[in-house]
Enquirer: 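If you scroll down you'll find the structure; I have some questions about it.
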Amino acid sequence: MPLATDDQAGRVPDLPAFPAAPVGPVAPVAPAAHRRGRAATVLLGIVAMLVAAVGLAAPARSSEWTVLCTGYDACAKAGYFNAGYKEHASTSYWSQSTGHNCTNYVAYRLVTNGLPNKRPIQLTGNAYRWGSAFASQTDDAPAVGSVAWWGTAFSGTGHIAYVEKVVSANQILVSEDNWGGDFRWRSITRSGGLWPAGFIHLADQGPKVAAPADYPTYRPVTPTRIVDTRSSLGAAGPLAAGSDTSILVGGRAGLPKTAVGAVVVNVTAVRPQAAGWMLTYPSGTSPAASSTLNYDAGSTVANQAVVGVGSDGRIRLKVSQRTDVLVDVVGWYPAFGNLSTTTPTRILDTRSGLGAPTGRLVPGGRIDLAVTGSDVVPAAGVDSVLLNVTAARPTKDGNLAVWPTGTTMPNSSSLNFSTGSSVSGLVVAKVGSNGRVSIRTSAATDVVADVVGWYPSGTDYEGLTPARLLDTRNGTGAASAGALAAGSVQRLKVTGRGGVPTTGVKAVVLTVVVTGPQQPGYLTAYPSGTSRPTTSNINYVAGQTIANTAVVTPSADGYVDLYVFASTQVVADVQGYLSR
């Protein structure tokens, strides 16, 4: 959901009237354990004293899990047993390679727990395949006897371990045997950055322990650039026409290495060579006939995207025409959390008659679009859907409004467009009557909508009928009417307004619109009272009306700040909020 991009001062080079902004050196993102710094050193010192006292093997390097012991005999002496695997390691279980091998060890433990020594038909290949092979039996609730699974976060072949003890919802002890390594026990904490991507329940020996109530929620991070092809950060560029690039997000920008279900990014196309499109989608899936943003030759266009993360900790980015690309991470959702992401799936295209009659929507025209009951969104229990909405080939400047069917059409816009240019935007739309959302246009245009995810009912996201919180043109939400001055900050009250409660709000989802700027510039939305991040939500040029969605954490007193580089009118509508 949140923020767009740009250089250290939020600028994109080569836009008219922007001062030159050379690309400076990019500091690498330190691994989570290194960021813990002194605290990690103190912790390791304590562990070392405990090791000396009880005779355990010392922990491995600080970037690893906490190793409790290594080796069959050393572990047994310290009270950490291998359930007889030492004597049976030369036997193959579930047709796995014998000896020091994580899959053979786990298969042995499952066989000793009562499963037959016959490999399940759906299980093929290396450890990284286990989670998808047993998808219906995999969740984020550890249990003694369950299989801890990490996908390919730490090696190309993946890794699994056997859960020996569930200390709490946030800590487990596992035993494992490693290909080319040795037998170990480890202690793993949810906050350590190496929590399993899931737990596979095949022969549990104890009850599941559910994840903490506050775990499956949106996790904002300080907006951080992970890709800038202009400086070869994350990928060398410009990206070639038709290229499909793998982007590592796990373990970067404050995200853990594992158990990331979806990442919230702002993607920007900078100076494309020709008109085209960009698609972001989960690693490990096939690209869909969809787009995240559309761009014209020479333009700079940003959009936010919520993208499912593959088991390898990556997303993919495909472009149809040569362009430089920026990717900023602004937040994430844990795996097995409240947000269900999908490979972008088209449910509306007026050009072909998908989801509505064929032909441009006329000015004032409306579509009541069915969004639930499809292959990717269930028929019931859905609060809101995440739609990437595109206005294609509009005949005049205008806007699209999206709102729950059966409620009054709001005085707000979800997407603004210009004559002849295709524009996309992410909309978090509350589902209305009969599982539908309504879409209305102010000017003739084709309309395309792709589902990228959905929120279940009764979770931490509450969708709202869009409500206007700020309009500097008439003074709504501002001290007075009038364009914001260049370099100014508008402090905007967001809690207790438009259906947002006064307390317990973790983040608000806003559609922010810039209209009538006299010079090129950018807008940044961020928590009031904090340092302004070096990214932007919207980049604009003179005379342009442009919108983007931002998820922003309000300050303790319920405000967010909107900074503008160049003078412009600003409008902000609330789409919903995330509760604590």
Enquirer: Tell me, please, which residues at least two apart from T472 pass side chain to side chain donor-acceptor pair (under 3.5 Å).
Expert: Q569
Enquirer: Would you list the pairs meeting salt bridge (Lys or Arg N to Asp or Glu O under 4.0 Å) in which at least one residue belongs to residues 437-458, sequence neighbours left out?
Expert: R346-D450, R393-D446
Enquirer: To the nearest 0.5 Å, what is the distance between OG (S384) and CD (E462)?
Expert: 7.0 Å
Enquirer: Rounded at 0.5 Å granularity, tell me how far CD in Q575 sits from OH in Y461.
Expert: 6.0 Å
Enquirer: Should the pair Y522 and Y563 be assigned to parallel (<30°), tilted (30 to 60°) or perpendicular (>60°) ring geometry?
Expert: tilted
Enquirer: Mind checking the CZ-OG1 spacing from R360 to T395? Nearest 0.5 Å is all I need.
Expert: 6.0 Å
Enquirer: Ignoring hydrogens, what is the shortest heavy-atom contact between G276 and S320? Give both atom names and the distance.
Expert: CA-OG, 3.2 Å
Enquirer: Is it true that R230 and D324 have a side-chain N and a carboxylate O under 4.0 angstrom from each other?
Expert: no
Enquirer: Using only heavy-atom distances, determine whether the side chains of T524 and N537 contain a donor-acceptor pair under 3.5 Å.
Expert: no
Enquirer: Working to the nearest 0.5 angstrom, can you tell me the gap between T300 OG1 and R271 CZ?
Expert: 7.5 Å
Enquirer: With R468, which residues qualify under side chain to side chain donor-acceptor pair (under 3.5 Å), at least two apart?
Expert: D573
Enquirer: So, D383 versus S457: side-chain donor-acceptor pair below 3.5 Å or not?
Expert: no
Enquirer: Excluding sequence neighbours, so at least two apart, what forms side-chain contact (heavy atoms from CB on, under 4.5 Å) with P404?
Expert: T407, K430, T465, P466
Enquirer: Could you verify whether a donor N or O on one side chain and an acceptor N or O on the other, from T292 and T280, lie under 3.5 Å apart?
Expert: yes
Enquirer: Just by distance, no angles: are the side chains of S246 and R314 close enough, under 3.5 Å, to form a donor-acceptor pair?
Expert: yes
Enquirer: Run the side chain to side chain donor-acceptor pair (under 3.5 Å) test against N411 and tell me which residues pass, sequence neighbours left out.
Expert: none
Enquirer: Can you measure from CG (L326) to OG1 (T268) and round to the nearest 0.5 angstrom?
Expert: 5.0 Å
Enquirer: For S413, enumerate each residue passing the side chain to side chain donor-acceptor pair (under 3.5 Å) test, keeping only those at least two apart in sequence or located in another chain.
Expert: N416
Enquirer: Do R532 and Y526 form a cation-pi contact, if we require the NZ or CZ to be under 6.0 Å from the six-membered ring centre and within 45 degrees of the ring's axis?
Expert: no
Enquirer: Measure the shortest side-chain to side-chain distance between N303 and T549 over non-hydrogen atoms and say whether it is less than 4.5 angstrom.
Expert: no
Enquirer: Any chance the side chains of S414 and T511 put a donor and an acceptor closer than 3.5 Å?
Expert: no
Enquirer: Given K506 and R219, is the side-chain contact (heavy atoms from CB on, under 4.5 Å) satisfied, shown in steps?
Expert: CA-CA 9 Å; K506 188 171 190 175; R219 305 293 181 89; 4.0 Å; yes
Enquirer: With side chain to side chain contact (heavy atoms under 4.5 Å, CB included) as the test, pick out the partner of V307 among L317, V452, I315.
Expert: I315
